[in-house]
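Below: the structure, in structure tokens.
As the structure lists them, so they are numbered: ligands from 1, and atoms in each ligand from 1. Starting from 1, each residue takes its place in the sequence as its number. Just so it is clear, the values below take in all heavy atoms, side chains as well, and ignore hydrogens, waters and symmetry mates.
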Amino acid sequence: MTPFVKAFFDEGTFTVSYVVREPHGKACAIIDSVLDFDHASGRTDTRSADKIIAYVQEEGLNVEWILESHVHADHLSAAPYIQDKVGGKIGIGDHITVVQDTFGKVFNEGTEFQRDGSQFDALFKEGDSFMIGQMRGDVLHTPGHTPACLTYVIGDAAFVGDTLFMPDFGTARCDFPGGSSTTLYQSIQKILALPDETRIFVGHDYKAPGRDEYAWETTVGEQKALNIHVGAGKSIEDFVSMRDARDATLAMPRLILPSLQVNMRAGQMPPADEQGNVFLKLPVNKL
Ligand SMILES: [Fe+2]
């Protein structure tokens, strides 16, 4: 099965969102959508999500799933906004409960914030499968960047979120709470064990040095041969020392504090106060 994949690139957060649809049908899933957020003003905008919605409507697609590869730390999810407009069930990995527990504490959330993943319509675990029309999706649990990261394998296409990036850029950071470079290396081996011709669609692209264009599609075979962090048989020891040294130099993503508070709630804002105002917290010296 070779699904048709349409990519939407958000240059503000370097995120790639995908619509993956049946080759001969109208069923589709939307993966890793973006709700635009201006940190300085605290304003949201639906421009990015509206492009996806317009595509879905123009093509007459039935949105069966709105999938998250993980709790993103660099952009807000538009899943509830999209669900409201075109339907679909919101799915994420079942280890979301670990992430909710960690950040429920960081943000001192009260008992209103459930840590059981109940904000989502479906929680997937390793080995689960689901249908998009006649097309089957299989779930790989690929933690390391975060504890709840999933890879969705749909036909010959693998949506790897933030595990592998393009071969010339390498891999995702592992220094967020619950992250582990050792675990990421092991997760990547699961992805590299897929057939060489499997198409890989990455969750971000930042243009590697020497490359002028954004890119997001590669293959398992290319990753195995060329990935600068894990390709050509790089050992786990070499990977872990490289990854940990590099992560120690990275700044926090610009939108990490708003993103986590919203994405751990399946893209919902925290509850409004009595006047209907919504606030996000800014914990001091916590991250
Ligand atoms: Fe991420």
Between His145 and the options His95, His204, His70, the ring pair (Phe, Tyr, Trp, His ring centres under 6.0 Å) test singles out His70
Can you name the one residue among Thr46, Ile66, Val86, Leu76 that meets side chain to side chain contact (heavy atoms under 4.5 Å, CB included) with Tyr81?
Thr46
Closer than 2.8 Å to the Fe ion (ligand 1), do we get an N, O or S atom from Asp162, backbone or side chain?
yes
Measuring to the Fe ion (ligand 1), does His70 have an N/O/S atom at a distance below 2.8 Å?
yes
Looking at the Fe ion (ligand 1), is one of the N, O or S atoms of His204 less than 2.8 Å from it?
no
Quick one: are the ring centres of Phe8 and Tyr18 less than 6.0 Å apart?
no
Kindly indicate whether the side chain of Phe124, heavy atoms from C-beta on, has any atom under 4.5 Å from the side chain of Tyr152.
yes
